[in-house]
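Report on the following structure.
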Amino acid sequence: GDNHAPWSEEQDFCKVCCRDAHILRPSAALVPTIVGEYALATGYWGWQESRFLEKNFHNYMSLWSKMESIVGSFLWSFRILPDYQDTMLSLEWSLLDLVDQGFLSPHMGYSADVSSLCPAMGELAQQCPDFSNTTVHFATGCEWQRPAAKLAPALRGGGRRLLDGRAPAPHAVGHLVSSAQLDAPAASFV
């Protein structure tokens with residue numbers, strides 16, 4: 001779930017695009033809702049080096065737009081008591097500071113692609129975990145479910161192979177994979 005190392009940007013994107021969408025779906029048509037004071041702050045520590053904040057914001061915007069009952073949202077706008085010695089401390093909690101320091105565009109809300117749920121994720125957005133018959137809450141873990149064919153494409157084709165797809169040397173005994181093992185569910189490889 002949340003707060004377990006290592007924390008990756010993919011985990012956060014999966015959380016918004018898959019888990020949060022699953023949690024919100026049952027209430028989608030019940031009561032008009034405004035999502036208030038959400039933040040782009042997560043447990044991912046690399047947010048400053050990539051376009052993580054922009055992608056995460058666009059993912060949230062697409063999620064809110066695809067839930068029928070959500071009629072608006074607003075980000076946490078100000079940090080309370082900024083640390084003047086460490087100006088990056090809790091910066092991701094302040095929309096105004098993120099825009100002021102160039103991490104986000106002041107026009108990002110107008111440029112967000114909300115044509116589908118998490119379009120910035122491309123094909124990955126179609127690889128959400130199956131949460132059916134599962135109790136899901138805010139700290140339920142989320143990992144993209146990549147098709148088995150993409151996990152080990154070189155291993156398909158039958159016979160015994162090394163994990164890198166090459167035929168084993170006659171004296172090799174370790175790291176052999178049979179074609180029967182390859183047809184097993186992807187979870188068995190974890």
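- Residues Trp144 and Val16 fall within the same hydrophobic cluster, defined by Ile, Leu, Val, Met, Phe, Trp and Tyr side chains chained together at heavy-atom separations under 4.5 Å.
- For the salt bridge (charged side-chain N to carboxylate O under 4.0 Å, His left out) condition, the pairs that include at least one residue of residues 52-64, sequence neighbours left out, are Arg51-Glu54.
- Nearest heavy atoms, Cys142 versus Phe131: SG-CZ, 4.2 Å.
- Hydrophobic clustering (side-chain heavy atoms under 4.5 Å, transitive across Ile, Leu, Val, Met, Phe, Trp, Tyr) keeps Met121 apart from Ile23.
- Connection of Met67 to Val114 is established within a shared hydrophobic cluster, with ILVMFWY side chains joined at heavy-atom distances below 4.5 Å, either directly or through further cluster members.
- Residue Leu75 is grouped with residue Ile70 when hydrophobic side chains (ILVMFWY) are merged at heavy-atom distances under 4.5 angstrom, including chains of intermediate members.
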Please evaluate residues Asn56 and Tyr44 with respect to the criterion side-chain contact (heavy atoms from CB on, under 4.5 Å), reporting the C-alpha separation (whole Å), side-chain torsions for both, the decisive distance (0.1 Å), and the verdict. CA-CA 11 Å; Asn56 204 29; Tyr44 175 56; over 6 Å; no
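- Atom CD in Gln127 sits 6.5 Å away from atom CZ in Arg146 (nearest 0.5 Å).
- Val71 meets the side chain to side chain contact (heavy atoms under 4.5 Å, CB included) test with Pro32, Ile34; sequence neighbours excluded.
- Not counting sequence neighbours, Glu143 has no partner by the salt bridge (charged side-chain N to carboxylate O under 4.0 Å, His left out) test.
- The NE2 atom of His58 lies 8.5 Å from the CG atom of Asp113; values are rounded to the nearest 0.5 Å.
- To the nearest 0.5 Å, atoms NZ (Lys66) and CG (Leu24) are separated by 14.5 Å.
- Although no hydrogens or angles enter the test, the distance criterion places no donor-acceptor pair under 3.5 Å between the side chain of Thr42 and the main chain of Leu40.
- Remark: side-chain polar atoms of Arg19 are not paired, donor with acceptor, to backbone N or O of Val136 under 3.5 angstrom.
- Put simply, NZ on Lys15 and CZ on Phe138 are 10.5 Å apart, with the number rounded to the nearest 0.5 Å.
- Both Val35 and Leu117 belong to a common hydrophobic cluster when Ile, Leu, Val, Met, Phe, Trp and Tyr are linked at side-chain heavy-atom distances under 4.5 angstrom.
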Sequence neighbours left out, cut at 3.5 Å: what donor-acceptor pairs do the side chains of residues 99-112 make with other protein atoms?
| from | atom 1 | to | atom 2 | distance (Å) |
| --- | --- | --- | --- | --- |
| Ser105 | OG | His107 | N | 3.0 |
| Ser111 | OG | Met108 | O | 3.2 |

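- Of all heavy-atom pairs between Glu9 and Phe52, the closest is CB-CD1, 3.5 Å.
- No donor-acceptor pair closer than 3.5 Å links the side chain of Ser62 to the backbone N or O of Tyr60.
- Here the CD atom belonging to Glu92 is positioned 7.5 Å from the CG atom belonging to Leu53, to the nearest 0.5 angstrom.
- Listed by first then second residue, pairs satisfying disulfide (SG to SG under 2.5 Å) with a partner in residues 88-130 read Cys17-Cys118, Cys18-Cys128, not counting sequence neighbours.
- Within the structure, side chain to side chain donor-acceptor pair (under 3.5 Å) pairs that include any residue of residues 32-41 comprise Tyr38-Trp64 (at least two apart or interchain).
- In this structure, Trp76 and Trp93 have perpendicular ring planes: the angle between them is above 60°, well past the 30° mark.
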